[in-house]
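A quick write-up on the structure given underneath.
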Amino acid sequence: MRPAIRPALWLALLCATGTGLGSGCGHTQMSGSAPAAGQNPRRPASYVSPFAYEWFVRAELLRAKGRLGPAIEAYRRALADAEDDPYVLCRLATALDEAGARQDAEALLAEAPVAGPPSETVWLAHAEIASRHAELPAALSAYERAESAAPWSAHAPLALAKLLRTNGQPERAVAVLQRFEARSLPGSAGAALARLELALLRQDGEGLFTAAQASLRVARSGQERLLRTAQALLDAGRPALAARILQAVPADPAHAELRLRVLIAAGDFTAAEALLTSTDPDRLADLPNMARAYLAL
């Protein structure tokens, strides 16, 4: 008999491969992983073999590098020995859709369970696929079904609020977040993330930093969420607080411009000049902005 992988190892994998609450599909919980933000700790866990775990690791790493073909094959190998784990199945389905094989993706999802806790994973996958194809009503419906399937989980409410916000419906996004915060345990990761998203939506400069700090203490705040927080704090005239938030974000030329504007606005010209001189100009997205930063210094 093969030994089983303990649930905590799935969570370690998801942290290592960079999938988090701020990832594209907004869902990281796998059957057998530790409870996610706001999740019911009594949810039953399943166990997965080391063989399936190894191939799932390979699939996630290949997918992160944009190698969808090999990633799909690795997902298939993992699924073959994972007793139809719904999370592996859904990751395979969304990878197939991303590779242009939507019909195959939907056929695979049709085999997934649509009752009990695993159905949250399935509806999140449906929502991701619908969102990718700009099918807003279908995506909203799938997120709502995911939320109903796992009302204790933060995945669906946060993803649903993001979808509503990006499609010009901030009032509905606020209602979704308020509803989730009200049913979350005080001090939980889910409540902290909901409060941060509410502060971002309301452009609440006074509450943004406090909410961001709380979310960093109890949840894995995604890079996108922290960058939005820093931008909002900068817009609210709080560059020093924005600089403190950016300390939690790994340096990347993709957001060097934001860092520069924050440092200049905060009056930290030494750090701004050091950033300018240490960043490869060929990797900067907007050279005119870099030139203006030099002039500001």
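Keep in mind the model is a prediction, meaning the values are calculated, not measured.
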Please examine the side chains of R77 and E54, heavy atoms only from C-beta on, and report whether any two atoms are closer than 4.5 Å.
-> no
Determine whether L200 and L246 fall in the same hydrophobic cluster, where Ile, Leu, Val, Met, Phe, Trp and Tyr are linked whenever their side-chain heavy atoms lie under 4.5 Å apart.
-> yes
Looking at F180 and A191, what are the two nearest heavy atoms and their distance?
-> CE2-N, 4.4 Å
Which distance, rounded to the nearest 0.5 Å, do you find between the CG of L260 and the CG of D268?
-> 11.0 Å
At their closest point, which heavy atom of A105 faces which heavy atom of I129, and how far apart are they?
-> CB-CD1, 4.1 Å
If you round to the nearest 0.5 Å, how far is CG of L89 from CD of E111?
-> 6.5 Å
Student check: side-chain heavy atoms of L160 and L164 closer than 4.5 Å | yes
Donor-acceptor contact present, side-chain S141 to main-chain A138, <3.5 Å = no
Of all residues at least two apart in sequence or in a different chain, which pass the side-chain contact (heavy atoms from CB on, under 4.5 Å) check with Q231?
-> L234, D235, L258, R261
Do you know the tightest heavy-atom contact between Y75 and A95?
-> CE1-CB, 3.9 Å
Could you give the distance from CZ (F209) to OG1 (T229), rounded to the nearest 0.5 Å?
-> 10.5 Å
Is the closest side-chain heavy-atom distance between Q103 and L96 below 4.5 Å?
-> no
Using a strict cut-off of less than 4.0 Å between a Lys/Arg side-chain nitrogen and an Asp/Glu carboxylate oxygen, indicate whether E60 and R91 qualify as a salt bridge.
-> yes
With E147 via salt bridge (Lys or Arg N to Asp or Glu O under 4.0 Å) - residues at least two apart = R179, R183
Any chain of hydrophobic side-chain contacts (each under 4.5 Å) joining L124 to L140?
-> yes
Could you tell me which non-hydrogen atom of L196 sits nearest to which non-hydrogen atom of S215, and how far apart they are?
-> CD2-OG, 3.5 Å
Taking the side chain as C-beta and beyond, is there a heavy-atom pair between I72 and R76 under 4.5 Å?
-> yes
Chi angles and distances behind the side-chain contact (heavy atoms from CB on, under 4.5 Å) call for R244, L241 = CA-CA 5 Å; R244 290 177 64 182; L241 296 182; 4.2 Å; yes
So which heavy atom on L177 is nearest to which on A194, and how close?
-> O-CB, 4.0 Å
Taking D252 for its side chain and H255 for its backbone only, find out whether a donor-acceptor pair lies under 3.5 Å.
-> no
Quick one: do L226 and V262 end up in the same hydrophobic cluster if we chain Ile, Leu, Val, Met, Phe, Trp and Tyr together by side-chain heavy atoms under 4.5 Å apart?
-> yes
Interatomic distance, Y143 atom OH to L158 atom CG [nearest 0.5 angstrom] | 10.5 Å
Compare all side-chain heavy atoms of K162 with those of E197 and state whether any distance is below 4.5 angstrom.
-> no
Pairwise side-chain contact, L193 with R225, heavy-atom cut-off 4.5 Å (strictly under) | yes
Got a donor-acceptor contact below 3.5 angstrom from the S131 side chain to the A127 backbone?
-> yes
Heavy-atom side-chain proximity of I245 to L208 below 4.5 angstrom = no
Between the CG atom in L79 and the OH atom in Y87, the distance rounded to the nearest 0.5 Å is 13.5 Å
Run the salt-bridge test on R63 and E73 with the 4.0 Å N-O cut-off and return the result as yes or no.
-> no
To the nearest 0.5 Å, tell me how far C90 SG sits from H126 NE2.
-> 7.5 Å
Between A272 and I264, what is the shortest heavy-atom contact and its length?
-> CB-CG1, 4.0 Å
F56 reachable from L108 in the ILVMFWY side-chain graph, under 4.5 Å edges | yes
